[in-house]
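First the structure, in the form of structure tokens, and then the observations on it.
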Amino acid sequence: FFSVLASSYIRLLICIEENARGSVIGSQDFISRAIEYINVKITEHITIDEICAAVHTSKYYFCREFKKATGLTVANYILKTRIVMAKGMLHSGDLTVGEISEACGFSSVSYFCRVFKEETGESPKGYQRNIRHPISHGV
């Protein structure tokens, strides 16, 4: 299961990275390096200062250029990537919400549940339930 999930996740990250690279013609190479760094560290606590140190650029410049290149703030990119990971894990049904929260790098289960609901419109358990038993509309 984890190899399939990891493979799907890596393909997603490659797509995200390719999109970020192509969205700003001539964008600095440090954006690509930053995305690589984030994707490798996605399950850990990541700070903008750490990312800037890894790609050797100033915080203000990095944040401005990252947003220009990806259309997202660094924090939103990290959050959305973690939510995509969580959705994949919820599809399997093998892990608890707490295990998924931890595996995706969220600081707490309650924070994960709150953010997941804000992003998807439903709780992780509700999302998982709807995957297993989709609500059919109409007759």
Side-chain angles (χ1 to χ4, degrees):
F1 156 73
F2 283 111
S3 63
V4 172
L5 180 61
S7 174
S8 297
Y9 173 66
I10 290 169
R11 278 183 279 161
L12 168 72
L13 295 178
I14 289 168
C15 289
I16 291 170
E17 185 174 351
E18 287 172 355
N19 182 44
R21 282 184 185 169
S23 64
V24 176
I25 297 172
S27 70
Q28 290 76 7
D29 185 48
F30 70 87
I31 298 296
S32 297
R33 290 192 330 266
I35 289 171
E36 271 182 52
Y37 180 87
I38 292 167
N39 292 343
V40 167
K41 302 276 189 180
I42 196 69
T43 61
E44 302 171 22
H45 176 73
I46 307 168
T47 67
I48 293 174
D49 290 332
E50 291 170 348
I51 299 166
C52 292
V55 299
H56 311 292
T57 191
S58 75
K59 188 174 182 177
Y60 173 77
Y61 182 69
F62 170 71
C63 290
R64 187 184 68 211
E65 293 301 310
F66 190 92
K67 171 96 178 185
K68 192 188 310 179
T70 65
L72 298 169
T73 65
V74 178
N76 281 341
Y77 176 85
I78 292 168
L79 189 69
K80 288 183 183 299
T81 302
R82 287 178 173 161
I83 294 296
V84 169
M85 284 177 60
K87 284 180 176 180
M89 291 178 180
L90 286 165
H91 275 274
S92 77
D94 294 339
L95 301 172
T96 67
V97 171
E99 291 168 333
I100 292 169
S101 170
E102 185 177 336
C104 293
F106 286 92
S107 58
S108 72
V109 176
S110 61
Y111 177 64
F112 165 63
C113 291
R114 188 178 80 234
V115 168
F116 192 92
K117 186 164 187 165
E118 287 171 5
E119 290 291 315
T120 66
E122 54 192 338
S123 70
K125 287 275 191 201
Y127 181 85
Q128 194 172 47
R129 195 172 28 255
N130 287 334
I131 291 167
R132 291 187 184 143
H133 308 289
I135 299 169
S136 64
H137 299 282
V139 178

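Computed from heavy atoms alone, side chains included, the values below leave out hydrogens, waters and symmetry copies.
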Report summary line: Sequence neighbours excluded, the answer for side-chain hydrogen bond (donor to acceptor under 3.5 Å, both in side chains) partners of T43 is none

Query - Nearest-0.5 Å distance that lies between atom OG1 in T120 and atom CD1 in I83 - result: 7.0 Å

Query raised in the report: Who passes side chain to side chain contact (heavy atoms under 4.5 Å, CB included) against K117, sequence neighbours left out?
Result: none

Query raised in the report: Just how far is it from atom SG of C63 to atom CD1 of I51, taken to the nearest 0.5 Å?
Result: 8.0 Å

Report summary line: What one should report as the nearest heavy-atom pair of Q128 and L90 is NE2-O, 3.1 Å

Report summary line: For S110, the side-chain hydrogen bond (donor to acceptor under 3.5 Å, both in side chains) test, sequence neighbours excluded, returns S108

Query raised in the report: Could you go step by step and tell me if K68 and E65 meet the salt bridge (charged side-chain N to carboxylate O under 4.0 Å, His left out) rule?
Result: CA-CA 5 Å; K68 192 188 310 179; E65 293 301 310; 3.1 Å; yes

Report summary line: Residues at least two apart in sequence or cross-chain that pass side-chain hydrogen bond (donor to acceptor under 3.5 Å, both in side chains) with E50, listed by chain then number, are none

Query - Within residues 97-114 or reaching into it, pairs that qualify as salt bridge (Lys or Arg N to Asp or Glu O under 4.0 Å) - sequence neighbours excluded - result: R114-E118

Query raised in the report: Considering residues at least two apart in sequence or located in another chain, which fulfil the side chain to side chain contact (heavy atoms under 4.5 Å, CB included) criterion with A86?
Result: I100, C104, F112, F116

Query raised in the report: For Y77, does its backbone N or O pair with a side-chain atom of T81 as donor and acceptor, under 3.5 Å?
Result: yes

Query - Pairwise side-chain contact, F66 with I38, heavy-atom cut-off 4.5 Å (strictly under) - result: yes

Query - For E119, side-chain hydrogen bond (donor to acceptor under 3.5 Å, both in side chains) partners two or more places apart - result: K80

**Report entry** Reported CD1-to-CD1 distance for the pair I78 and I46, which is rounded to 0.5 angstrom
**Finding:** 4.5 Å

Query - Pairwise distance CZ(F106) to CZ(R82) - rounded to 0.5 angstrom - result: 6.5 Å

Query - Interatomic distance, K59 atom NZ to T47 atom OG1 [nearest 0.5 angstrom] - result: 8.0 Å

Query - Whether F30 and F62 hold their rings parallel, tilted or perpendicular, with breakpoints at 30° and 60° - result: tilted

Requested in this report: Please list, chain by chain and in numerical order, all residues satisfying side chain to side chain contact (heavy atoms under 4.5 Å, CB included) with T73, sequence neighbours excluded.
Outcome: K67, A75, N76

Query raised in the report: Between L79 and L72, is any pair of side-chain heavy atoms under 4.5 Å apart?
Result: no

Report summary line: When rounded to the nearest 0.5 Å, the distance separating NE2 of H56 from CZ of R33 is 6.5 Å

Report task. State, with a plain yes or no, whether a side-chain heavy atom of P124 is found less than 4.5 Å away from one of C113. Result -> yes

